[in-house]
Amino acid sequence: MSKILLNTGPSERGWHRVETAARCMQLFAYNYILEIGHGDRGPLVRGSIGHVGLAHHFARRRAQQQKTDPDVYYEPEEAMRLVAATFGELGEQYLPIATHAVLAYMNAYAGEQFEIVMVEEKVSGMIRWPEHLRVGARANVAYPITQRFDRVYKNTAGRFWIEDHKFVSTIKSSTAARYTLSGQFQLMQWFGRAIYGDSFGGARINLVQCSEKPKSVQVSLDAAPRMLNRFPQVVCDIEERIEALRAEGRDPWEYPAQANEHVCMTAYGRCPAFDICRWGKSGI
Ligand code: SF4
């Protein structure tokens, strides 16, 4: 019997695309039109392998809860090996780190009793301008948006929680606050409310530290009602800019560039397209 290897990749119209455009239109053009400028892929590869491990752990556990055969899915370690192989040398380098973190997580949460509802499932919808901005050409515009939920579970009180795994080098007291205003988590709450109504509990971050001594914590997102309320506008504003540049027929090498010390260089390091912006095509 061939087993299921779950897809944990980004969905095609997800937040990451919108976020990239919000950060810098030139970076958006590099990544999504020219398909270059993805920079240091190390943390991405580590996260991808880790996601696959947790996805197979939760899918197998859901099968056990539903009294179906968990062996239709790969074991987490086997799934991680298969996916790591697709990343070549980087995969080889990060496989032991991600595996160590995932196995520690599974051990730490072995007694968790939540009912697992979704694992790596994609949801999709349409986003429209808020009523007060639905004027002129905007009145009839709607943009598709998608998201892949890492896990949805129902707790013992009957509330549904949507969880996203974040594989990080170190969990600090400030790590969770990084996501308070993130559109990824605003979107999770929009979908959560639409799907589960009053039974929706909220969005949670599953922080997994990848280090010699791995650890993990599950935290709820801090409330940000103003940002949550205006989230459709945030998306529509960016989509409108993307569409205007596309309609203009702008050369992707000439998209608006931030050239901003706070954006080109961040707490995570240099923008992945730093050298391309510095040197042009010879920096690819
Ligand atoms: S280096 Fe700066 S200007 Fe260039 S793509 Fe990155 S953020 Fe934009």
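Ligands are counted one by one from 1 in listed order, and the atoms in each one are counted from 1 as well. Please read these numbers as outputs of a predicted model, since none were measured by experiment.
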>> Please verify the inter-ring angle class for Tyr255 with Phe28; under 30° counts as parallel, over 60° as perpendicular, anything in between as tilted.
In response: parallel
>> Can you classify the ring geometry of Phe167 versus His165 as parallel (below 30°), tilted (30 to 60°) or perpendicular (above 60°)?
In response: perpendicular
> Closer than 2.8 Å to atom 2 (Fe) of ligand 1, which protein N, O or S atoms?
Replying inline: Cys264 SG
> Which is it for Tyr30 and Trp253 under the ring pair (Phe, Tyr, Trp, His ring centres under 6.0 Å) test, yes or no, and what are the steps along the way?
Replying inline: CA-CA 8 Å; Tyr30 290 151; Trp253 285 94; 5.7 Å; yes
>> One thing to verify: whether Arg151 and Glu112 come together as a salt bridge, which I'm taking to mean a side-chain N less than 4.0 angstrom from a carboxylate O.
In response: yes
> So does Lys3 pair up with Glu75, basic N to acidic O under 4.0 Å?
Replying inline: no
> Does any non-hydrogen side-chain atom of Leu187 lie less than 4.5 Å from one of Ile145?
Replying inline: yes
